[in-house]
Number of protein chains: 2
Amino acid sequence: MGTMTENTLAETLANQLRRDILRGKLAPGAPVKERDHAAELSVSRTPMREAIRILAKEGLLILRPSRSPIVAAPSLEEITNAIDVLAALEALSGELACDRATEDEIAEIRVQQQRMAELYGKIDRIELFEMDMRIHSLIVAASHNPALQETHQAYLQRLWRARYLSASRKDSRERVLRQHGEIVEALEARDATAIKAAIHAHLEALVSNIREHFSSDPQFGPVPAWAEAPRTDNTI
Amino acid sequence: MGTMTENTLAETLANQLRRDILRGKLAPGAPVKERDHAAELSVSRTPMREAIRILAKEGLLILRPSRSPIVAAPSLEEITNAIDVLAALEALSGELACDRATEDEIAEIRVQQQRMAELYGKIDRIELFEMDMRIHSLIVAASHNPALQETHQAYLQRLWRARYLSASRKDSRERVLRQHGEIVEALEARDATAIKAAIHAHLEALVSNIREHFSSDPQFGPVPAWAEAPRTDNTI
DNA sequence: CAACGCATTTTGGTATACCAAATCAAAAAT
DNA sequence: ATTTTTGATTTGGTATACCAAAATGCGTTG
C-alpha cells in the first residue's frame, strides 16, 4: 500500500472502476460488461476481467453466473450489517492500539483530529470526509495488525458511498468532530473500554444517519459532479 | 464432486489448489507457477491465473511483482493477528446470534455440539476438527449477517492449517469440548456477555496451543498423507 | 391473440499467442 | 580470481480468437 505505483493494468482498471462506482458515475444496479468497458478504454478483456473480479471480491460488484456483473446496490439492511462488522473491527483496532500504539502514532492521530477540527467549515465536505476516513485508518494502523488493517480497508471501501452521503449532512458533522475527540482522548489515556464505547457510539450514529437518508431516498442517487475524486493514500 | 456444482473452471482449480495447500501437498513457501500448474492439469493459463488470484485474496498465496506466487508461510505473529480478528468476528457473531438466532438454529447448534461430544474418541481427528469448524460456522450463520459470515469464512480458510495442527493435540480436544459447551449454553441463555467471554477464552486457548506448536516446529511441516480432504459444505 | 419454439445475438469462459521485464548463467574483461 | 556484461530463458502481463450457454426476438402455430 502507500505510494500509488500502479503495477499492473488490471489494478489500474480496478482503481478507475472503483472511482467511477464510488462517485456514482456508474449507478448502483448498472451492468458492467467486460467487453464493452474494455473496448471503451482500449484495453483487452483479460485485465478488465481481472479488475472486475477484484471489485467483486471487495463487494462493489455483484457477479452472477452467465450474466453481466452489476454495480452493487446494497440495501439498508446490508449496509447496516457491514457497519456492524466495521464497528467490531474498529473496536478491536482501538483496543489493540491502546496497548500497542507508539506515542508518535497517537500524537499523529491527535494532530489529524485537531486539524480536522480547525479546518471544519473552511473546507468542502469531500475533504472533510477524507480526513474522517484518514483518522479511522490511522487508528487501525496503530493496532499493528496488518490483517485487521486489510480487512478494515475492504469494509471502508464497501461503505464508502454510504458514508460519503452521510457525511454531507451538515448537522452530523459537528457530532463527528465531538465523537472523534472522545475516541482520541480514550486512546491517549490508553483506555480500551472507553475507546470501544466511543467507537461504537460513533458508528451507531452513522447507522442512524444512513437510516434517515434511506427513508427519504431509498436508492441513494448518484454523487453530484462537483464531488472530486477521493484519495485515501490507498486504492480509491 | 462436492454438494454444489462447481460453476467455472477457475473455481474448481481454486478449490483444488486450496486443498493441496491446506493439506500440505504444497508446502508453505513453495512457488506456484501458473504455467507449470496449468500444464500439469491440462488447462490453460487463464483460469489457473484466476484461481491463483482468488487464493491470493484469501491470503493463502502471496503475490509478488514479476515473481512466482508462493504458498503463504504465516509467521506466529501473523497467525496470532489473524486469530485476533477471527475472535472479534466470532464475538460479534455470538452477540448478534444471542438476539437474532431462531430457536431452531440454537437447537441445531446444540445437536451438533452434543454429537461432537458423543463421537469424541470414536472418530478420527480430522472429522472431529471438521465438526469443530462446523459449529463455529453455525454460530456465525445464526448472526444473520451475510457480510460477517463471508469475512469469517475467509479467516477460517486462512487459519485452516494452523487450526488443523492445533486440533491434532490430544490434550486440547477435551478443552475444546468443554469450551464449546460453554458457548452453546451462553447462546441458549441468550447471554451476549457470556458468549463473548466464552468465545474469547476458546480462541485464546487456540493461540497458546499454536504458540506451543511453533516453539517445537516453527515451520509447521506438511500434513501427513492419511489426512483426507476436508469438506466444509463450502469451498474447501 | 397467446404460447411455444427456433435462430440469432449477446455474454462470459477458456485457450493460445505474443510481449516485456526480471533472472540466471556463462563468458569476457580487468 | 573477481567483476561486469550480455544473451538466453523463465515468468508474469496483455491481446486476441474461439466456444458454449443463456438471453432475446421473431416467426410460426395452436
Side-chain angles (χ1 to χ4, degrees), chain A residues 1-21 26-73 235, chain B residues 1-2 4-21 26-73 234-235:
Chain A
M1 303 189 175
T3 54
M4 39 178 284
T5 43
E6 273 153 7
N7 253 336
T8 129
L9 221 195
E11 289 173 35
T12 307
L13 292 174
N15 293 341
Q16 190 163 340
L17 255 184
R18 192 183 298 113
R19 262 210 329 272
D20 290 348
I21 292 173
L26 263 59
V32 180
K33 323 191 207 207
E34 69 180 47
R35 246 185 183 89
D36 298 4
H37 272 264
E40 197 163 331
L41 298 172
S42 307
V43 299
S44 86
R45 286 176 55 203
T46 315
M48 177 60 73
R49 177 184 177 80
E50 192 172 324
I52 289 176
R53 298 310 164 116
I54 291 175
L55 296 187
K57 262 283 182 191
E58 290 179 8
L60 291 175
L61 291 181
I62 307 294
L63 255 45
R64 45 241 239 275
S66 309
R67 214 171 255 72
S68 285
I70 58 175
V71 177
T235 36
Chain B
M1 288 240 181
M4 6 192 289
T5 44
E6 273 149 6
N7 256 336
T8 128
L9 221 196
E11 289 174 34
T12 308
L13 292 175
N15 293 340
Q16 191 163 340
L17 255 184
R18 192 184 297 114
R19 263 211 328 273
D20 290 348
I21 293 173
L26 263 60
V32 179
K33 323 191 207 206
E34 70 180 46
R35 232 184 267 271
D36 298 3
H37 273 265
E40 196 164 332
L41 298 173
S42 307
V43 298
S44 85
R45 285 176 55 201
T46 316
M48 176 60 73
R49 177 183 176 82
E50 191 171 325
I52 288 175
R53 298 311 166 114
I54 291 175
L55 296 188
K57 262 283 181 191
E58 291 179 8
L60 292 175
L61 291 181
I62 307 293
L63 257 46
R64 42 239 242 278
S66 308
R67 215 172 252 72
S68 285
I70 58 174
V71 177
N234 301 16
T235 38

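Labels below follow one simple rule: chain letters A, B, ... track the order of the sequence lines, proteins then strands, and each chain is numbered from 1.
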Going through the distances and angles, do A/E50 and A/L13 end up as a side chain to side chain contact (heavy atoms under 4.5 Å, CB included)? CA-CA 9 Å; A/E50 192 172 324; A/L13 292 174; over 6 Å; no

Enter the distance from A/L41:CG to A/L9:CG here, rounded to the nearest 0.5 Å. 9.5 Å

Between A/R49 and C/dG12, does any side-chain N or O lie under 4.0 Å from OP1 or OP2? no

Give the rounded distance in Å between these two atoms: NZ of A/K33 and P of D/dA22. 18 Å

What is the minimum heavy-atom distance between A/E34 and A/M48, and which atoms define it? O-CG, 3.6 Å

Check this one for me: any side-chain N or O of B/T8 less than 4.0 Å away from OP1 or OP2 of C/dT14? yes

Round to a whole Å and report the spacing from CD of A/E34 to C1' of C/dG13. 8 Å

Check the distance between D/dT11's C1' and B/L63's CG and give it to me in whole angstrom. 13 Å

base_contact_polar (C/dG12 base, A/R35 side chain, donor-acceptor, <3.5 Å): yes

Close side-chain approach of A/H37 and A/L26, heavy atoms under 4.5 Å: yes

Could you tell me how far apart B/R53 (CZ) and D/dT14 (P) are, to the nearest whole angstrom? 9 Å

Roughly, in whole Å, what's the span from CZ in B/R45 to P in D/dT10? 14 Å

Closer to the 5' end of DNA chain D via nearest nucleotide, is it A/T46 or B/V32? B/V32

Return no unless some side-chain N or O of B/S44 is found under 4.0 Å from OP1 or OP2 of C/dA15. yes

Have a look at A/S68 and say if it touches a base, only the backbone sugar-phosphate, or nothing, with a 4.0 Å heavy-atom cut-off. sugar-phosphate

Mind checking if A/R64 touches a base, just sugar-phosphate, or nothing, with heavy atoms under 4.0 Å? nothing

How close or far is atom P of C/dG12 from atom CD1 of A/I52, stated in whole angstroms? 7 Å

Nearest-angstrom distance from the residue atom CD of A/E50 to C1' of C/dG12: 16 Å

Select base, sugar-phosphate, or nothing to describe what B/P69 touches, counting heavy atoms under 4.0 Å on all strands. sugar-phosphate

Figure out the CG/P separation between A/L13 and D/dG13, and round it to whole Å. 14 Å

Of B/L63, B/L61, B/V71, which meets side-chain contact (heavy atoms from CB on, under 4.5 Å) against B/L55? B/L61

